[in-house]
Amino acid sequence: MIRMQIQFTEAEVSALRHEALQRKMSVSAVVREAVDERLAQSSVRPSREELVQRALAAVGRFRSGSGDVATRHDEYFADSIQD
């Protein structure tokens, strides 16, 4: 393990100590667990840049079979919600 020094507000320290006491863990273990959970969440979500790239890659890849969707979109929409 690597030792690091971080600063917390008094309220944060109080909450951390309470959580550690309730869970019968050290404050360090509570902090490590919270950091691990946060890092796991952020690695699951794609970045904004990746989402943009995915959207751009999808442009033009699908066809409706109708060449006039841009001009008759209201009619097509009305038909789709009536079905």
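- To the nearest 0.5 angstrom, Leu16 atom CG is 12.5 Å from Leu21 atom CG.
- Under the 4.5 Å side-chain contact rule for hydrophobic residues, Val59 and Leu51 do not share a cluster.
- Ile2 and Val31 are members of different hydrophobic clusters when ILVMFWY side chains are connected at heavy-atom separations under 4.5 Å.
- Applying the side chain to side chain donor-acceptor pair (under 3.5 Å) test to residues at least two apart or on different chains, the pairs with a partner in residues 15-26 are Glu19-Arg23, Arg23-Glu33.
- The salt bridge (charged side-chain N to carboxylate O under 4.0 Å, His left out) analysis of residues 51-65, with sequence neighbours excluded, yields the pairs Glu50-Arg54.
- Summarising the geometry of Val13 relative to Phe8, their closest heavy-atom pair is CG2-CB, 3.6 Å, with the distance given to 0.1 Å.
- Arg32 is linked by a salt bridge (charged side-chain N to carboxylate O under 4.0 Å, His left out) to nothing, counting only residues two or more places apart in sequence or in another chain.
- In Phe77, the CZ atom is not crowded: 12 or fewer heavy atoms of neighbouring residues, nucleotides or ligands sit closer than 6.0 Å.
- To the nearest 0.5 Å, atoms CD (Glu75) and OG (Ser80) are separated by 12.0 Å.
- Taken to the nearest 0.5 Å, the CG atom of Asp36 stands 6.5 Å off from the CG atom of Leu39.
- When all heavy atoms of Tyr76 and Val69 are compared, the pair lying nearest together is CE1-CA, 3.9 Å.
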